2 protein chains.
Amino acid sequence: MSTRTDAPTRREQILKEAARLFAERGFHGVGVDEIGAAVGISGPGLYRHFPGKDAMLAELLVGISGRLLTGAKRRLAEADGQAGRAGAEAVLDSLIEGHIDFALDDRPLITLHDRELDRLRESDRKLVRQLQRQYVELWVEVVRKVHPELSEPAARSAVHSVFGLLNSTPHLGRAGTLPGRGDTARLLHRMARGAFAAAADSSADRLAAG
Amino acid sequence: MSTRTDAPTRREQILKEAARLFAERGFHGVGVDEIGAAVGISGPGLYRHFPGKDAMLAELLVGISGRLLTGAKRRLAEADGQAGRAGAEAVLDSLIEGHIDFALDDRPLITLHDRELDRLRESDRKLVRQLQRQYVELWVEVVRKVHPELSEPAARSAVHSVFGLLNSTPHLGRAGTLPGRGDTARLLHRMARGAFAAAADSSADRLAAG
DNA sequence: CCTTCAGGTTAACGACCGCTAACCTCGCTG
DNA sequence: CAGCGAGGTTAGCGGTCGTTAACCTGAAGG
């Protein structure tokens, strides 16, 4: 598994800093001069690496969606063969774990992912949405194998909601006031599984409408 | 229970449309001319009602946080008296229900709430954060009454995560492809309770680290 | 009937921002 | 060592945006 040890290219530096700045202050809130300054060059120097500011955002968002989907497909293939509900549970755990890793390691990207999609050109936006949809549908299939009682629309809503839960990491303590990474990951994992289980257990609706 | 039947004032119209536009395209992505056009007046006419664009955002965010906190306090007081875990469960259900109502009825505000906070003047931002913190702490207390096994940091993380879950409604089907409002509310409610329960049940960590 | 004022209007200013143009300066290579 | 391309630089253009200035209008009040 390609574990990079060599220095990042300037292009990669730019993408990383741009992601951080976009996440912090929004796409329109960041000027190209600031992005340049963040990597030690100034303003228009960026145009040696990208055709424009939009292109940076597009590459970030397409990259995120693509990596999420690719990772999920790989995890699905790895745990293949083991059929039945037990196998499906293993796959679901693997999907959750992968998403949590991503959410914890690339917070700015997670933030961008559902915040700046509308700033893209039509074609890029369509591509990103298509990748996102495939990712969701992949989850939906696995969730319905683990919880066959769930209808497809309910499963899809549940998946979106669990994404909301897992993607909440940027809100968990700006500083290191929260528990260690391992504890946080385990907590999120448990909650995700519990949320899916509760979604499937509609007999839990013993609460009177308020 | 002030159920308004009279027509909204121009000021309220402006706030509502501004919220929608800010949520759709980001604070910096919307011009004052657009906000004006959305309420039938044009550009600078807004300055008869607000000292500036920033002030609209500030009033929106302070209003949201304040309403959330006020509602939660009211619900806490209403269900007071009934002590013990059963009473706490009722309060938690009431809090969840209130938050879901808000998330479903005021999607744009929910979106703004955790997206544009950094665009505020220092003083307003501090006020909003203080209101948010009180709201979170109120939840944390109730959650820990229902699930005493949860440490305070874990409970706080869990609460933030459940907010992420409940606030995911803007991502659930832009159009009406999703189930009805009542079904969605019940699903979210169940998932929130399930997530809290799973957070508290740390014996569920039988999964080997990947 | 005159005044006042809330709530609009259009014109325009100044700042900022994305991007281009023109130029510079290395390090490599034939 | 000449040439050249990669990767910078600064100056500046054109457009947009928030805000202000100056003016208009219609309804209410004495």
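Quantities reported herein were computed from a predicted structural model and do not represent experimental measurements. In what follows, chains carry the letters A, B, and so on, assigned in the order in which the sequence lines appear, proteins first and then strands, with residues in each chain numbered from 1.
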ask   = Please, which pairs that meet ring-ring contact (aromatic ring centres under 6.0 Å, His included) have at least one residue in residues 42-62 of chain B, sequence neighbours excluded?
value =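 Residue pairs passing ring-ring contact (aromatic ring centres under 6.0 Å, His included), neighbours aside: none found.
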
request  = Describe the nucleic acid contact of B:Val30 in one word from base, sugar-phosphate, nothing, applying a heavy-atom distance below 4.0 Å.
outcome  =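 Result for B:Val30 = sugar-phosphate.
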
task = For A:Gly31, report the nucleic acid contact type (base, sugar-phosphate, nothing); a contact means any heavy atom under 4.0 Å.
result =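 Sugar-phosphate: the residue A:Gly31, judged by heavy atoms under 4.0 Å, touches backbone atoms but no base.
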
Take atom [atom1] of [X] and atom [atom2] of [N], then tell me their distance rounded to the nearest Å.
X: A:Phe50; N: D:dG7; atom1: CZ; atom2: P; value: 12 Å
X: A:Arg10; N: D:dA6; atom1: CZ; atom2: P; value: 16 Å
X: A:His49; N: D:dG7; atom1: NE2; atom2: C1'; value: 6 Å
X: B:Phe22; N: D:dC17; atom1: CZ; atom2: P; value: 13 Å
X: A:Leu46; N: C:dC19; atom1: CG; atom2: C1'; value: 11 Å
X: A:Arg119; N: C:dG18; atom1: CZ; atom2: P; value: 14 Å
X: B:Leu21; N: D:dC17; atom1: CG; atom2: P; value: 13 Å
X: B:Ile14; N: C:dG7; atom1: CD1; atom2: P; value: 10 Å

Give me the distances for all protein-to-nucleotides 19-21 of chain D N/O pairs that come in under 3.5 Å?
unit_1, atom_1, unit_2, atom_2, d
D:dT19, OP2, B:Tyr47, OH, 2.4
D:dT19, OP2, B:Lys53, N, 2.9
D:dT19, O5', B:Tyr47, OH, 3.2

Carboxylate-amine/guanidinium contact [X] [Y], below 4.0 Å:
X: B:Glu152; Y: B:Arg156; value: yes
X: B:Glu17; Y: B:Arg20; value: yes
X: B:Glu89; Y: B:Lys145; value: no
X: A:Glu12; Y: A:Lys16; value: no

request  = Report yes if the distance between the aromatic ring centroids of A:His171 and B:Phe163 is under 6.0 Å, otherwise no.
outcome  =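 That pair fails the under 6.0 Å test.
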
